[in-house]
Colleague: 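Take this structure first; my questions come after.
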Number of protein chains: 2
Amino acid sequence: MRLVIAKCSVDYDGRLSAHLPLATRLLLVKADGSVLVHSDGGSYKPLNWMSPPCAMAEVEPEAHEAAAGVTAVWQVQHAKSEDRLRVLIHDVLHDSAHDLGVDPGLIKDGVEAHLQKLLAEHIHTLGDGYSLVRREYMTAIGPVDILCRDAEGASVAVEIKRRGDIDGVEQLTRYLELMNRDPHLSPVTGVFAAQEIKPQARTLATDRGIRCVTLDYDALKGIDNSEHRLF
Amino acid sequence: MRLVIAKCSVDYDGRLSAHLPLATRLLLVKADGSVLVHSDGGSYKPLNWMSPPCAMAEVEPEAHEAAAGVTAVWQVQHAKSEDRLRVLIHDVLHDSAHDLGVDPGLIKDGVEAHLQKLLAEHIHTLGDGYSLVRREYMTAIGPVDILCRDAEGASVAVEIKRRGDIDGVEQLTRYLELMNRDPHLSPVTGVFAAQEIKPQARTLATDRGIRCVTLDYDALKGIDNSEHRLF
DNA sequence: TGATCTATGTCGCGT
DNA sequence: ACGCGACGTAGATCA
């Protein structure tokens, strides 16, 4: 990994064109040749970048560029597309290289897949007598997160989101509409389950007769743990 | 901006939990207090991060952490949520600070806006006799990209996407439903125009009587250029 | 490899 | 501040 602090301007041409006027920035060159241009603010997204696979070449500035004070040009070309990044370097304030080795990678916990698994395992939290039919129940327009049956044996489609907003309600509505055309399943009711449900989503769901359930991830994990402890 | 290369482990707790095992990484602290943890590969997205507004405090490692070789702990707390990042630093291989000043920011040359403009200028590519009513036709629930009329004078609402997926079809459906309640406009048919249309989106659109049109950006540009060349 | 879906999405705009 | 749509979305999973 190479770290360069330099006064530079940057041009990107590819899916769109973008230009960064002359200013002091961090240029980060990774081991795979990818380049990130960061300012001293904003978020984790660079001002401009080139993703791997790509190749960086340091070329001579053209005459008019040299005349304008450009001392070096980094030309970064994507390997599989026409995407190109040109960094015109004026002054270099810092330049260092570091060997980092391979990263073991990120371990995540608490994403939608975990919620789905936990709720499927404890489907009775939706109500007494509920039983799981299957997770990822396939329909023509995509998989329903959970299909189960209530105490009376009626089908219930469950859509799970980490954050429940209006899109999720629309999605579940489409599934319900389709599934209710199937005489083997109909009538199918809906449950919209999320750790947090936006007021607008709750209103829309309720208006369509979809029940909203707020999921408590830690509580579900707690049930899981206490049940495991019995064995 | 502070650049630190260090052997460290990282824990994030907030919308989810995530952990990075001990390894050598770049720690980037921006002027606004935000922190990025980068490995020497992958994409422009950091392995872990904390977005502004947030505050970083360097605290003493706990006894068991110190015993495990931790020499310093960065505790980064988001200002408006419970999101927290803890960086346990073992060895520091590099540490430097740089004053970058404020960045003038990125200048973009848009794509979607350009596509809309091109299609509006060549609305006849949708069919003979089509005429433009207006771009960004305002409705109660938002602007329709293009409103035009077909050869028979019937209203046609056009939704333009770079990538046409199911959301775009839903969006256009909402517009059509609303506009068809307006006796001045009704009947309004829909055209879903995109550079690329996903099969599921095409199926849903067709099922709802919405015509799908694949846009060729270069061809539209070509028409544009050849027409310009006439003058 | 292509299609679909999630994301600690982020970003920018309009109300 | 909130909602909504675009993004050079990127990344994972599954057929």
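Lettering of chains follows the sequences in order, A, B, ..., and the numbering in each one begins at 1. Nothing here was measured: the structure is a model prediction, and the numbers come from that model.
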Colleague: May I ask you to decide if the ring planes of B:Tyr44 and A:Trp49 are parallel, tilted or perpendicular, using 30° and 60° as cut-offs?
Modeller: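 Rings of B:Tyr44 and A:Trp49: tilted, 30 to 60°.
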Colleague: Counting side-chain heavy atoms from C-beta on, which of C:dT10, C:dT8, D:dA1 comes nearest to A:Lys108?
Modeller: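 So the side chain of A:Lys108 is nearest to C:dT8.
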Colleague: Closest approach to the side chain of B:Glu159, judged atom by atom: which nucleotide of D:dA1, C:dA3, D:dA6 is it?
Modeller: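 Closest nucleotide among those given: D:dA6.
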Colleague: NA contact type, A:Arg84, heavy-atom cut-off 4.0 Å: base, sugar-phosphate, or nothing?
Modeller: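 Result for A:Arg84 = nothing.
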Colleague: Do side-chain atoms of A:Ser186 reach the backbone of A:Asp182 as a donor and acceptor pair under 3.5 angstrom?
Modeller: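 A pair under 3.5 Å: no.
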Colleague: Please give, in whole Å, the distance from D:dT13 C1' to A:His114 NE2?
Modeller: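 Rounded to whole Å, this separation is 13 Å.
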Colleague: Nearest-nucleotide wise, let me know which of B:Ser43 and A:Gly14 is further upstream toward the 5' end of DNA chain D.
Modeller: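 It is A:Gly14, whose closest nucleotide lies nearer the 5' terminus.
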Colleague: What is the minimum heavy-atom distance between B:Val70 and B:Pro61, and which atoms define it?
Modeller: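 Closest approach of B:Val70 to B:Pro61: O-CG, 3.5 Å.
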Colleague: Which nucleotide in the list C:dT6, D:dG8, C:dT8 gets nearest to the side chain of B:Ala18?
Modeller: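 The closest nucleotide is C:dT8.
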Colleague: Would you say B:Lys7's side chain and B:Ile89's backbone share a donor-acceptor pair under 3.5 angstrom?
Modeller: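 Not confirmed, B:Lys7 side chain does not pair with B:Ile89 backbone.
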Colleague: Could you check how far OH of A:Tyr12 sits from C1' of D:dT9, rounded to whole Å?
Modeller: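 Going from A:Tyr12 (OH) to D:dT9 (C1'), I get 11 Å.
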Colleague: Answer yes or no: is there a donor N or O on one side and an acceptor on the other, between the side chain of A:His122 and the main chain of A:Leu119, under 3.5 Å?
Modeller: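 Between the backbone of A:Leu119 and the side chain of A:His122 there is no qualifying donor-acceptor contact (under 3.5 Å).
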Colleague: The side chain of B:Arg174 lies closest to which of these nucleotides: D:dG8, D:dG5, C:dT8?
Modeller: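 Of the options given, the side chain of B:Arg174 lies nearest D:dG5.
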Colleague: Calculate the interatomic distance between B:Glu136 atom CD and D:dG5 atom C1'; express it in whole Å.
Modeller: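 Interatomic distance, CD of B:Glu136 to C1' of D:dG5: 11 Å.
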Colleague: Does a nitrogen or oxygen in the side chain of A:Gln200 sit under 4.0 Å from OP1 or OP2 of D:dC4?
Modeller: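 Looking at the OP1 and OP2 atoms of D:dC4, one of them is under 4.0 Å from a side-chain N or O of A:Gln200.
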Colleague: Contact class for A:Asn48 (heavy atom, under 4.0 Å): base, sugar-phosphate, or nothing?
Modeller: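 Base, at least one base heavy atom under 4.0 Å.
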Colleague: If you draw a 6.0 Å radius around CD in B:Glu82, do more than 12 non-hydrogen atoms from other residues or ligands fall strictly inside?
Modeller: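 Check fails, neighbour count at 12 or below.
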Colleague: To the nearest angstrom, how far is B:Leu16 atom CG from C:dT6 atom P?
Modeller: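 Rounded to whole Å, this separation is 15 Å.
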Colleague: Provide the distance between the two C1' atoms, one in C:dT8 and one in D:dC14, to the nearest whole Å.
Modeller: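 So the two C1' atoms sit 24 Å from each other.
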Colleague: May I ask you to verify if any side-chain N or O of B:Lys45 is less than 4.0 angstrom from the OP1 or OP2 atom of C:dT8?
Modeller: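 Yes.
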Colleague: Nearest-Å distance, NZ (B:Lys30) to P (C:dT10)?
Modeller: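 Rounded to the whole Å, the gap is 13 Å.
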Colleague: Taking the side chain of A:Arg15 as its heavy atoms from C-beta onward, which of D:dG5, D:dG8, C:dT10 lies nearest to it?
Modeller: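 Within the option list, the nearest is D:dG8.
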Colleague: Measuring only the C1' atom in each nucleotide, how far is D:dA10 from D:dA6? A whole number of Å is fine.
Modeller: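 Approximately 15 Å lies between the C1' atom of D:dA10 and that of D:dA6.
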Colleague: Base, sugar-phosphate, or nothing for A:Tyr44, non-hydrogen atoms under 4.0 angstrom?
Modeller: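 If one applies the 4.0 Å heavy-atom cut-off, A:Tyr44 turns out to touch the sugar-phosphate alone, with no base involved.
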Colleague: Reading DNA chain C from 5' onward, which residue's closest nucleotide shows up sooner: A:Ile160 or B:Met138?
Modeller: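 Whichever sits nearer the 5' end wins; that is A:Ile160.
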Colleague: Tell me which nucleotide among D:dG8, C:dA3, C:dT8 gets nearest to the side chain of A:Leu106.
Modeller: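 Among the listed nucleotides, the one closest to the side chain of A:Leu106 is C:dT8.
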Colleague: Could you tell me whether the phosphate oxygens of D:dG8, OP1 or OP2, come under 4.0 Å of any side-chain nitrogen or oxygen in B:Arg162?
Modeller: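 For B:Arg162, the contact criterion (side-chain N or O under 4.0 Å from OP1 or OP2 of D:dG8) is not met.
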Colleague: Are the charged groups of A:Glu177 and A:Arg208 less than 4.0 angstrom apart, N to O?
Modeller: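 No, A:Glu177 and A:Arg208 are not salt-bridged.
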Colleague: What's the closest nucleotide to the B:Lys198 side chain, out of D:dA1, C:dT4, C:dT8?
Modeller: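 For the B:Lys198 side chain, the nearest candidate turns out to be C:dT4.
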Colleague: What's the closest nucleotide to the B:Lys161 side chain, out of C:dT4, D:dG5, D:dT9?
Modeller: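 Of all the options, the side chain of B:Lys161 is nearest to D:dG5.
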Colleague: Just the rounded figure in Å: distance from P of D:dC7 to CD of B:Gln116.
Modeller: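 Rounded to whole Å, this separation is 11 Å.
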Colleague: Expressed in angstrom and rounded to an integer, what is the separation of A:Gln171 atom CD from C:dT4 atom P?
Modeller: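 The distance from CD of A:Gln171 to P of C:dT4 comes to 13 Å, rounded to the nearest Å.
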Colleague: Write down the distance separating the C1' atoms in C:dT6 and D:dC7, rounded off to the nearest Å.
Modeller: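 It works out to 15 Å between them.
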Colleague: Over how many whole Å does the gap from A:Glu170 atom CD to D:dG5 atom P extend?
Modeller: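 Value for this atom pair: 10 Å.
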Colleague: Side chain of A:Trp49: nearest nucleotide among D:dG8, D:dC4, D:dG5?
Modeller: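 In terms of side-chain proximity for A:Trp49, the closest of D:dG8, D:dC4, D:dG5 is D:dG8.
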